[in-house]
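Here the structure comes first, spelled out in structure tokens, and everything after it is commentary.
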Amino acid sequence: MDMGTKEICKVSYFDSIKIRAEDINFFYGKKHALKDINLNILKNQVTAIIGPSGCGKTTFIRILNRMHELIPDALLTGRIFLDGQDILSSCIDPTEVRRRVGMVFQKPNPFPKSIFENVSYGLKVNGIRDKNFIEDKVVEALKKSALWDEVKDRLDDNALKLSGGQQQRLCIARCLAVKPEVILFDEPCASLDPISTAKIEELIVELKKNYTIIIVTHNMQQAARVSDYTAFFLLGELIEFGRTGDIFKSPQDKRTEDYITGRFG
Amino acid sequence: MKKEFSQKIGFSFISLCMFLTVLFLFSIIFFIVVNGIRVISWEFLTQMPKEAMTAGGIAPAIVGTFYLTLGSIIFSLPLGIACAIYLCEYSPKSYVVNIIRFSINNLAGVPSVVFGLFGLTIFVKYLGFGVSILSGSLTLAILVLPLIISASNEAILAVPQSLREASLSLGATKWQTIKKVVLPTALPGILTGIILSIGRTAGETAPILFTAAVFYLKGYPKSIFSEVMALPYHIYALMTEGLYPDKQVKIAFGCALILLFLVLLFSSVAIYLRNKHKNIYGYGN
């Protein structure tokens, strides 16, 4: 390959790769939870990860911000590149990785603190002391997560008083406040009603302008509605990856077709 | 018919047991109140004992109990909470940690007089603190340490793992997570444990018998190396020593009433805090 083509490749393809997973294998004790996963996550796109329970979806996204390190007796091999930098390397600080790759969890998990303190938490732990700056960022994050109008008069209320859907948007605001580059959503609507779900989905589509988004979901319609790319996992293997439209209209693998048509899972 | 009859017998038996238990509890309280209330007065609470313990007040014993309780909490609190944090958050899951947990639980079952002897040997003699507030506080601190550790342990374990994950996922370190999320969330539970242990400390006699308490002092203690009078020991002394048992018994009941009141007060505060905690956070504990 001469220099010319390399340049072209770089501009057209490599520059748009935000995260690259290379040969990821993960073991819980003796259980081989992820098998040789190779996957590229594109910048400013929504990538959905679908598959039946226990197929390794959540495990996979936890590796992307090194949250897998909380799991005892786990073993990981392979490499994850974030903008070309190997984030699993021992010389990289996991707290820095987690600031750049934020996460929204399956069940809303606001801290038992005020709404304001929830959103400002990430800024404070990252060493920001300037009160005015923090205040601006909190307001900005709450506006971006479409929660501002509902909470602007009660920022000092305990976050646990909010409804489930509001709590989840608060968790999104909390995540946005630290200015991550990538946001991982781990079944963010699993415990929400349809109206709250619709709001979160709208938000995800809105957020992809500025963030790279990965969403794990059980809900096929949700994947079809919000994502640009879809990855199908089964029993720890990546079966198929492609544009969401292609995956849903003309899946290449029989197993993918069976899953999305509801034959199992 | 037969089934209903046996059910009735069962219910009656359970009710009877319940009734007996409550009866004992209330008769103890009633007995102490009836016998103690007559000597209670402002002077009784604020004055020094007079005429060889047969008149005057019990102020130095109240003050002494206060110092000993405060001292024991000052020593046991940081140790206990640190130990609980280590066991919950830092320790690798291994048999060594299991042995530590097992030992702490066993420590809670050691008779308090054994702690008294330990305090006498280590603090009073070996370290040379003498019979003093310091020795007594340290001995009581060791006595309540298992209580504080297990209460803190439970409170910390009751903090949902999802909150730790949320904090870490925002770029917080483990220490920041413990300091800013785990401990504040666990605090009401820890407080409950502390207050219950205050009640325990205030009422213990055996651990201070050889390490801190004396029957009579002319004034209030001057430093942490002074001997003190304490309520539980004062009751013991009034009932076993002295020349005027008739007058002393009345004062002993007065002391018992004050002590009972203090312990009930602490327990009520603990219960209040625990309920408030449940209402706000909705997490277990």
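For clarity, every value in this text was computed on a predicted model and none was experimentally measured.
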Residues, nucleotides or ligands: over 12 heavy atoms within 6.0 Å of Phe27(A) CZ: yes
Atom pair CG (Asn126(A)) and CD (Gln176(B)), whose distance is rounded to the nearest 0.5 Å: 7.5 Å
Side chain proximity check, Phe111(A) to Pro184(B), heavy atoms < 4.5 angstrom: no
Non-hydrogen side-chain atoms of Pro112(A) and Leu163(B) separated by less than 4.5 Å: yes
Lys180(B) versus Val125(A), closest heavy-atom pair with distance: CD-CG1, 4.0 Å
Tyr67(B), OH: over 12 other non-hydrogen atoms inside 6.0 angstrom: no
Pairwise distance OG1(Thr95(A)) to CG(Leu168(B)) - rounded to 0.5 angstrom: 9.5 Å
Region of Met103(A) in contact with chain B, defined by heavy-atom distances below 4.5 Å: both
Contact winner vs chain B - Arg98(A), Lys161(A), Arg100(A), heavy-atom pairs under 4.5 Å: Arg98(A)
Heavy-atom side-chain proximity of Glu165(B) to Arg62(A) below 4.5 angstrom: yes
Side-chain heavy atoms of Lys107(A) within contact of Ser162(B), under 4.5 Å: no
Heavy-atom closest pair, residues Thr177(B) and Tyr121(A): CA-OH, 3.9 Å
Nearest-0.5 Å distance, CG of residue Leu70(A) to OG of residue Ser169(B): 10.0 Å
Region of Arg66(A) that comes under 4.5 Å of a non-hydrogen atom in chain B: neither
Within 6.0 angstrom of Phe30(B) CZ, more than 12 heavy atoms from elsewhere: no
